[in-house]
**Student:** 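Right, I'll just put the structure down here and ask away after.
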Amino acid sequence: MEIHPDGAEVYERFEARLPRHDPSGRDRMISCGAVVTNVELAVRALGRRAEVTLFPDGARPDLVARVAARGREPATEDEVNRYSAIYRRRSYRAPFALQRLARHEVAALVAAAGVAGTQIRPVHADRESPALAELLGYAGRVLRADRAYQRELSAWSDQFRDPLPLEPTLPWSGLVRADSHLPDTITLTERLAREQLLLVLTPDDARRDHVLAGRALQQVWLTAVANGLVGSVLTQPLQLHEVRAGLIARLGLAGHPQAFLRLGYPVNGVLTAQRAAAGSGTGLGPRRR
């Protein structure tokens, strides 16, 4: 990313490609989309209008977006809350607390995306968990047995100070090691039924769609964090064509699945007055009984 006095430019790093984990570059473009959302929120937090242009220069395929800061315009409370959530957003791979999200909370998160060309679709725990468990379990077994995938995973994870979880079982992480214990379909179905999963969809499957998916995903995730929730993203199973096709067919999807976002309350989390106030503008306040 390059910062300028009147905005910023977001670039794709082609040298950061992972042939086995992200063969088409889809995840990389989703990440770029999330960055674009962060930059846009930063401009808004400064009290300026943000003008976003995707792929503004045909001669520069690595230039994903240009975010220009225009005239003065005060940020809304929701925009400020989402901007501050950028610094608190972390991947939460543990099980969630038993308290489930209420329907109005899920509806508010779906509405928070606000990115044309995308759809945020909740996964229906009761009727769709069995099919999803079969597909995710299949993906886990394929990735666990893929030696090239495992070599790339080891080389990639060695770059980071904090190692990957020792037992990254689905659905709590999409990074499956060669020695990972994968739950059986019944157990995985039960786990998925206790999760709140949102699926990011786009009508097409080009680079622009992947960027838009990343923008929408980040808006929803930051809204969730601003309201005391935690979450993580699952994309690795979607790198398998048969899994994506299976999701479209078995869940009746009207678009291309780009990412799962799992959200919930942290195990040690409590509802606070601050969270209630933050949620007052988004419909994510304390649950009404």
**Student:** Please answer: with hydrophobic residues joined when any side-chain heavy atoms are less than 4.5 Å apart, are L201 and L240 in the same cluster?
**Tutor:**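 Yes; L240 is reachable from L201 via cluster members.
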**Student:** Less than 3.5 Å apart, any donor N or O on the side chain of N38 or Q218 sitting next to an acceptor on the other?
**Tutor:**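 Yes, a side-chain donor-acceptor pair sits under 3.5 Å.
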**Student:** Determine whether R66 and E51 satisfy the following criterion, salt bridge (Lys or Arg N to Asp or Glu O under 4.0 Å), listing intermediate values before the conclusion.
**Tutor:** CA-CA 8 Å; R66 181 174 290 131; E51 183 180 286; over 6 Å; no
**Student:** Determine, stepwise, if the pair R215 / V52 fulfils side chain to side chain contact (heavy atoms under 4.5 Å, CB included).
**Tutor:** CA-CA 11 Å; R215 294 199 65 199; V52 178; 4.0 Å; yes
**Student:** Starting from L136, can I reach I186 by hopping between I/L/V/M/F/W/Y residues whose side chains sit under 4.5 Å apart?
**Tutor:**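 Hydrophobic grouping puts I186 apart from L136.
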**Student:** Are R121 and E128 ion-paired here, with the side-chain N under 4.0 Å from a carboxylate O?
**Tutor:** yes
**Student:** Do Y92 and L222 sit in one hydrophobic cluster, given that two such residues count as connected whenever their side-chain heavy atoms are within less than 4.5 Å of each other, even indirectly?
**Tutor:**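 Different hydrophobic clusters.
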**Student:** Tell me, which pairs form a ring-ring contact (aromatic ring centres under 6.0 Å, His included) where one or both residues lie in residues 201-252, sequence neighbours left out?
**Tutor:** none
**Student:** Cation-pi between R262 and F96: NZ/CZ under 6.0 Å from ring centre and within 45° of the ring axis?
**Tutor:** yes
**Student:** Could you see if V43 belongs to whatever hydrophobic cluster contains V80? Use Ile, Leu, Val, Met, Phe, Trp, Tyr and a side-chain cutoff under 4.5 Å.
**Tutor:**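 No, V43 does not connect to V80 through the hydrophobic network.
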**Student:** Hey, are T37 and Q219 close enough side-chain-wise for a donor-acceptor pair under 3.5 Å?
**Tutor:**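 Side chains of Q219 and T37: no pair found under 3.5 Å.
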**Student:** Which residue pairs pass the ring-ring contact (aromatic ring centres under 6.0 Å, His included) test with at least one member in residues 40-87, sequence neighbours excluded?
**Tutor:**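 Only Y83-Y87 qualify under ring-ring contact (aromatic ring centres under 6.0 Å, His included).
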**Student:** For E152, is there an ion pair with R20 - N to carboxylate O distance below 4.0 angstrom?
**Tutor:** no
**Student:** If you group Ile, Leu, Val, Met, Phe, Trp and Tyr by side-chain heavy-atom gaps below 4.5 Å, do V35 and L217 land in one group?
**Tutor:** no
